[in-house]
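What's counted below: heavy atoms across the whole structure, side chains too, no hydrogens, waters or symmetry copies. For ligands, and for the atoms within them, numbers begin at 1 and follow the listed sequence.
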Amino acid sequence: MSASVSTDPDLILLIISSPSGAGKTTLTHRLLQEFPELRFSVSHTTRRPRANEVDGQDYHFIDEQTFEQLVDEGSFAEWAEVHGNLYGTSVTEIDRARADGKHGVLFDVDYQGARQIKEKFPEAVGVFILPPSMNELRRRLDSRGSDDAESRRKRFQKAREEIEHYPFFDYMIVNDELQQALAELRGIVLAEGCRQWRVAAKAEALLER
Ligand code: ADP
Ligand code: 5GP
């Protein structure tokens with residue numbers, strides 16, 4: 001039996017990472033519309049909200065002092081500095097999903113966060129989203145219109161470093177044509193729900209009859 005049998009078969013932990021601008025927020029929002037049984041893990045961040053972002057929905061926007069206090073109190077399952085801002089996942093995110101009767105939690109975190117989540121929950125599934133090309137990544141960062149030039153430059157410069165971490169992930173999706181990328185992401189979620197260890201109890205129940 002694998003070690004993950006002791007984990008919750010009814011809760012998929014889905015980590016989605018990518019270089020900034022590759023399209024993970026777009027894909028994540030579409031996936032959540034299709035799968036209401038998935039819950040988005042709302043991170044805490046010291047980054048300023050973008051014009052279209054809602055506090056408590058996209059992120060919990062907090063200042064550095066509050067963030068550091070939460071770190072000291074052990075409130076984060078993982079946290080990291082990304083593009084000069086602090087980001088962290090609260091330990092209560094998974095409990096909340098269970099309490100809400102959800103069957104999955106979706107973590108939008110960078111590779112450092114992905115590693116920390118996997119260390120704590122080895123059954124978590126890591127998906128890395130790639131842009132079709134670096135030129136297209138730059139175009140998407142510029143066209144999003146939500147970050148200033150300095151912030152876009154930093155994000156583009158970090159893209160290479162982030163892509164270098166791809167071998168850590170279980171799945172990779174090239175987000176070229178959005179519908180195709182979404183179909184692949186949907187396929188991953190459906191397949192993960194069919195893992196033998198998740199469905200094993202149903203087989204055992206049949207065998208007991
Ligand atoms: P991330 O969350 O990875 O930083 P976003 O989801 O914000 O990236 O996407 C960055 C920009 O690229 C947005 O303007 C979004 O509308 C656009 N975008 C996302 N996916 C595609 C795609 N497949 N084709 C063209 N544009 C896309
Ligand atoms: P953005 O500022 O564009 O929303 O996110 C910047 C980066 O921070 C992205 O790579 C995103 O995945 C990552 N990120 C968002 N929330 C968290 C978090 O809670 N923890 C970690 N480690 N990274 C996060």
For [atom], which protein heavy atom lies nearest, and how many Å away is it?
atom: atom 8 (O) of ligand 1; answer: G23 N, 3.1 Å
atom: atom 7 (O) of ligand 1; answer: R144 NH1, 2.9 Å
atom: atom 4 (O) of ligand 2; answer: Y59 OH, 2.5 Å
atom: atom 2 (O) of ligand 1; answer: T25 OG1, 2.4 Å
atom: atom 20 (N) of ligand 1; answer: N175 ND2, 3.0 Å

| query | Among E136, R144, R138, which residue meets the side-chain contact (heavy atoms from CB on, under 4.5 Å) test with R140? | reply | E136

| task | Answer yes or no: is there a side-chain heavy-atom contact under 4.5 Å between L11 and H103? | result | no

Using a 4.0 Å cutoff against the non-hydrogen atoms of [X], which atoms of ligand 2 qualify?
X: R47; answer: 1 (P), 2 (O), 4 (O)
X: R50; answer: 1 (P), 2 (O), 3 (O), 4 (O)
X: G113; answer: 22 (N)
X: G88; answer: 18 (C), 19 (O)
X: A80; answer: 22 (N)

| task | Could you check R50 against D147 for salt bridge (Lys or Arg N to Asp or Glu O under 4.0 Å), going step by step and ending with a plain yes or no? | result | CA-CA 8 Å; R50 293 179 180 136; D147 301 304; 3.2 Å; yes

| Which bit of S18 gets closer than 4.0 Å to ligand 1, counting heavy atoms only: side chain, backbone, both or neither? | side chain

| message | Working note: Q65 + D63, criterion side-chain hydrogen bond (donor to acceptor under 3.5 Å, both in side chains); need CA distance, chi angles, decisive distance, verdict. | response | CA-CA 6 Å; Q65 197 186 341; D63 59 28; over 6 Å; no

| message | Determine whether the aromatic ring centres of residues Y87 and Y59 are separated by less than 6.0 angstrom. | response | yes

| task | Report the part of F107 in contact with ligand 2, treating N, CA, C, O as backbone and CB onward as side chain, heavy atoms under 4.0 Å; options are side chain, backbone, both, neither. | result | neither

| said: Between R98 and D10, does the salt bridge (Lys or Arg N to Asp or Glu O under 4.0 Å) criterion hold? Intermediate values first, please. | reply: CA-CA 9 Å; R98 278 207 191 92; D10 294 325; over 6 Å; no

Which option wins on minimum heavy-atom distance to [atom]: [options]?
atom: atom 14 (N) of ligand 2; options: D147, D108, N85; result: D108
atom: atom 18 (N) of ligand 1; options: R155, E136, R140, Q180; result: R140
atom: atom 19 (C) of ligand 1; options: L178, L141, T26; result: T26

| request: Could you tell me if any non-hydrogen atom of G21 lies under 4.0 Å from any atom of ligand 1? | output: yes

| Going by atom types alone, do Q180 and E184 pair a side-chain donor with an acceptor below 3.5 Å? | yes

Taking NZ, NE, NH1 and NH2 as the nitrogens, is one of them in [X] or [Y] under 4.0 Å from a carboxylate oxygen of the other?
X: D100; Y: R39; value: yes
X: E78; Y: K120; value: no
X: R115; Y: E119; value: no

| Any N/O of E177 closer than 3.5 Å to an N/O of ligand 1? | no

